[in-house]
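Below: the structure, in C-alpha cells.
If you read the sequence from its start, that first residue is 1, and numbering goes on from there. Excluded from the calculations below are hydrogen atoms, water molecules and symmetry mates; all remaining heavy atoms, backbone and side chain alike, are included.
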Amino acid sequence: DDLPPEAGKPKSYDGWKRSVTDWLYRTQELALLRAKELGLTSRPGESERDFQIRVRDAAREERDAEAQKLRAKYAPKLAALDERVRRAQQAVQREAEQARESKVSSFLSFGVTLLGAFAGRKTFSAANAGRAATTARTVGRSMKESKDVERAEETVEALQAQLAALDAQFQEELRALDASLAVGAGA
C-alpha cells in the first residue's frame, strides 16, 4: 500500500516522536531495581529474583577479585616473614647444637681436670691450676652458648608474633571486604 501523505513528510516524524515520548512518559511505568554499590540496574522485564541472583554473582566476583588483590598484596610480606622464621629456627638449632657441644666439652674438661688433680702427684700445681682455668673458661663459654640459644628462641618467637599479626591484619581486611560486599549482595 501507499503511505499516507503525512508519512512522506520528514517533519511529521519529529512530531510523532515527541508525541510517543510524551505518551510513554505520562502513561507507562518502568520499575527498575538498583544495586548502587555494584553499579547494577535491573533490565526491563527482569524479575527481582533474577536481579538478586545477578547482584549476588557480581558481588561474589568482585569479592574474589578484591580478595585476590589482597592476597597479592600480603603474599610477599608473609613469604618474607616465613623465610625469616625458618632461618631463625635454623639458628636456634645451630645454637642448640653448639651449646650441647660446649657442655660436653666443659664436662670432659672438668673431668680431665679433676682426674689430673687427684691422680697426679701434686694436687695444687701450676698445671692443675691452668687446667682449672681452662675448664672455667669452657664453662663460661657453655653458659654463653645457652644464652645464645635463648636469644635465638626469642627471635623466633618475635618473628612468629609478627607473622601472626600480619596474618591477622590480612584476615581483618578480608572480613571487612566481605562485609562491604555483603551489603551489595542483598540488593
When you check the gap from the basic side-chain N to the acidic O, do Arg26 and Asp22 get nearer than 4.0 Å?
-> yes
Closest approach of Ala31 and Ser42, non-hydrogen atoms and distance?
-> O-OG, 4.5 Å
For Glu6, does its backbone N or O pair with a side-chain atom of Ser12 as donor and acceptor, under 3.5 Å?
-> yes
Which residues share a side chain to side chain donor-acceptor pair (under 3.5 Å) with Asp57, sequence neighbours left out = Arg60
Enter the distance from Lys73:NZ to Phe170:CZ here, rounded to the nearest 0.5 Å.
-> 10.0 Å
With a cutoff of under 4.5 Å between side-chain heavy atoms, which Ile, Leu, Val, Met, Phe, Trp and Tyr residues group with Leu24?
-> Val20, Trp23
Is Val92 isolated, or which residues cluster with it under the ILVMFWY side-chain rule of less than 4.5 Å, directly or via members?
-> Val156
Provide the full list of ring-ring contact (aromatic ring centres under 6.0 Å, His included) pairs with a residue in residues 77-105, sequence neighbours left out, each pair given once.
-> none
Kindly compute the distance separating CZ (Arg18) from OH (Tyr13), expressed to the nearest 0.5 Å.
-> 15.0 Å
Minimal non-hydrogen separation, Leu70 against Glu173, with atom names = CD2-OE1, 3.0 Å
Pair Lys69 + Glu66: basic N to acidic O under 4.0 Å = yes
Closest heavy-atom pair and its distance - Ala35, Val55 | CB-CG2, 3.9 Å
Arg54: partners by salt bridge (Lys or Arg N to Asp or Glu O under 4.0 Å), with sequence neighbours left out = Glu46
Salt bridge (charged side-chain N to carboxylate O under 4.0 Å, His left out): which pairs involve residues 153-170, sequence neighbours left out?
-> none
Side chains of Arg63 and Leu174: closer than 4.5 Å at any heavy-atom pair?
-> yes
Taking the side chain as every heavy atom from C-beta outward, state whether Arg84 and Arg87 have any pair of such atoms under 4.5 Å apart.
-> yes
Given the rule that I, L, V, M, F, W and Y join up when any side-chain heavy atoms are under 4.5 Å apart, are Val85 and Leu78 in one cluster?
-> yes
Inter-residue atom distance Phe51.CZ - Thr41.OG1, 0.5 Å rounding | 6.5 Å
So Gln169 and Tyr74, side chain to side chain contact (heavy atoms under 4.5 Å, CB included) or not? Walk me through it.
-> CA-CA 9 Å; Gln169 182 180 358; Tyr74 279 94; 3.3 Å; yes
Check the surroundings of atom CZ in Arg49: do more than 12 heavy atoms from other residues, nucleotides or ligands lie under 6.0 Å from it?
-> no
Rounded to the nearest 0.5 Å, the CD atom of Gln171 sits from the CG atom of Leu166 at a distance of 10.5 Å
Whether Thr155 side chain and Arg151 backbone form a donor-acceptor pair below 3.5 Å = yes
Does a side-chain N-to-carboxylate-O contact under 4.0 Å join Glu83 and Arg86?
-> yes
Hey, could you give me the CD/CG distance between Glu48 and Asp50, rounded to the nearest 0.5 Å?
-> 10.5 Å
Decide side chain to side chain contact (heavy atoms under 4.5 Å, CB included) for Leu81 and Leu159; before the verdict, give the C-alpha distance in whole Å, the side-chain angles of both, and the deciding distance to 0.1 Å.
-> CA-CA 7 Å; Leu81 271 176; Leu159 288 171; 4.2 Å; yes
If you round to the nearest 0.5 Å, how far is CG of Asp82 from CD of Gln160?
-> 10.0 Å
Start with the C-alpha gap between Arg34 and Leu40, add the side-chain angles, then the distance that decides, and say whether side chain to side chain contact (heavy atoms under 4.5 Å, CB included) holds.
-> CA-CA 6 Å; Arg34 192 156 209 216; Leu40 293 176; over 6 Å; no
Looking at side-chain heavy atoms only, is the closest gap between Glu61 and Asp64 below 4.5 Å?
-> no
